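Working notes for the structure below.
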Amino acid sequence: MRTSDPGAPGTPGGVRTPYRVCFVCTGNICRSPMAEAVFRARVAEAGLAELVEVSSAGTGGWHVGDGADSRTVAVLTAAGYVHEHVARQFRRDWFERLDLVIALDEGHLRDLRRLAPGPEYARRVRLLRSYAPGAGEGLCGLDVPDPYYGGPEGFEECLALVEEAVPGLLEEVRAALGRPAGGRAGDGDGAAVR
């Protein structure tokens, strides 16, 4: 794991790097590993892989140590995403080292905010779909439905909902890092902070 140094030379506005984002669903075998894989791919495409650390976890511990659900793996593989995953349970003490905790539905949002050690940490918890186009105007649902008890189409829908919201999240992370979208080579976009 890379170490972070708040206020290290070259970090915009004292933002520590790596900037840490953790996606959270119920068991950490369906939705959150899918969101982790998609976001990690977009971060890499944006040239920010050295600046952003992406992970996932579950609110419950039922599947700790398991791989992702086979249907999640199938959907990610078909879409061309690289994924390696071992399920784990979110812990309260992680809030200290995370910049954003991204919940996949309202239930996770409530659970995580209750778990937060204080209001400043609770504010770090956001819904993934709040970054989707039209979310601010109430034009789309804010939950990514749990596909676990359904067929493959639920996992495909889950991937589509995640892919729709991830660009908005990436823009927020870019802004926090002082890396505006559309950067060109030589202007610092994608360059690792040393």
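As the structure is a prediction and not an experimental result, all values here were calculated from the model. Note that the numbering runs from 1 along the sequence shown for the chain.
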For Thr26, all residues meeting side-chain contact (heavy atoms from CB on, under 4.5 Å), sequence neighbours excluded = Arg31, Thr59, Trp62, His108
Applying side-chain contact (heavy atoms from CB on, under 4.5 Å) to Val73 and not counting sequence neighbours gives Ala68, Thr77, His83
Any [X] side-chain heavy atom under 4.5 Å of [Y] side chain:
| X | Y | answer |
| --- | --- | --- |
| Leu98 | Tyr121 | no |
| Val21 | Asp99 | no |
| Phe95 | Val101 | yes |
| Leu169 | Ile102 | yes |
| Leu170 | Val43 | yes |

Table please: side-chain donor-acceptor pairs of residues 125-142 below 3.5 Å, with sequence neighbours left out.
residue : atom : partner : partner atom : Å
Arg126  : NE   : Arg123  : O            : 3.2
Arg126  : NH1  : Tyr131  : OH           : 3.1
Arg126  : NH1  : Glu172  : OE2          : 2.5
Arg129  : NE   : Gly141  : O            : 3.3
Arg129  : NH1  : Leu161  : O            : 3.0
Arg129  : NH1  : Glu164  : OE1          : 2.6
Arg129  : NH2  : Glu164  : OE1          : 2.9
Ser130  : OG   : Leu127  : O            : 2.5
Tyr131  : OH   : Glu172  : OE1          : 3.3
Tyr131  : OH   : Glu172  : OE2          : 3.2

To the nearest 0.5 Å, tell me how far Glu53 CD sits from Arg20 CZ.
-> 4.5 Å
dist Leu104:CG -> Ser56:OG (nearest 0.5 Å) comes out at 9.0 Å
With distance as the sole test, does [X] use its side chain to make a donor-acceptor pair with the main-chain N or O of [Y] at under 3.5 Å?
| X | Y | answer |
| --- | --- | --- |
| Asp69 | Arg71 | yes |
| Arg92 | Leu115 | yes |
| Asp66 | Ala87 | no |

The complete set of ring-ring contact (aromatic ring centres under 6.0 Å, His included) pairs with one or both residues in residues 22-46, sequence neighbours excluded, reads Phe23-Phe39
State, to 0.1 Å, how close [X] and [Y] come at their nearest heavy-atom pair, and which atoms those are.
| X | Y | value |
| --- | --- | --- |
| Met34 | Val162 | O-CG1, 4.5 Å |
| Val38 | Glu163 | CG1-CG, 4.1 Å |
| Asp105 | Val144 | CB-O, 4.3 Å |
| Pro33 | His85 | CG-NE2, 3.6 Å |
| Cys30 | Thr72 | CA-OG1, 3.2 Å |
| Ala103 | Leu112 | CB-CD1, 4.1 Å |

Just wondering, are more than 12 heavy atoms of other shown residues or ligands nearer than 6.0 Å to CD in Glu120?
-> yes
Return all side-chain donor-acceptor pairs below 3.5 angstrom for residues 147-160, not counting sequence neighbours, or 'none' if the list is empty.
none

Should Trp94 and Leu109 be regarded as members of a common hydrophobic cluster, given that ILVMFWY residues are connected when their side-chain heavy atoms come within less than 4.5 Å of each other, either directly or indirectly?
-> yes
Can you list the residues that meet the ring pair (Phe, Tyr, Trp, His ring centres under 6.0 Å) rule with Tyr81, with sequence neighbours excluded?
-> none
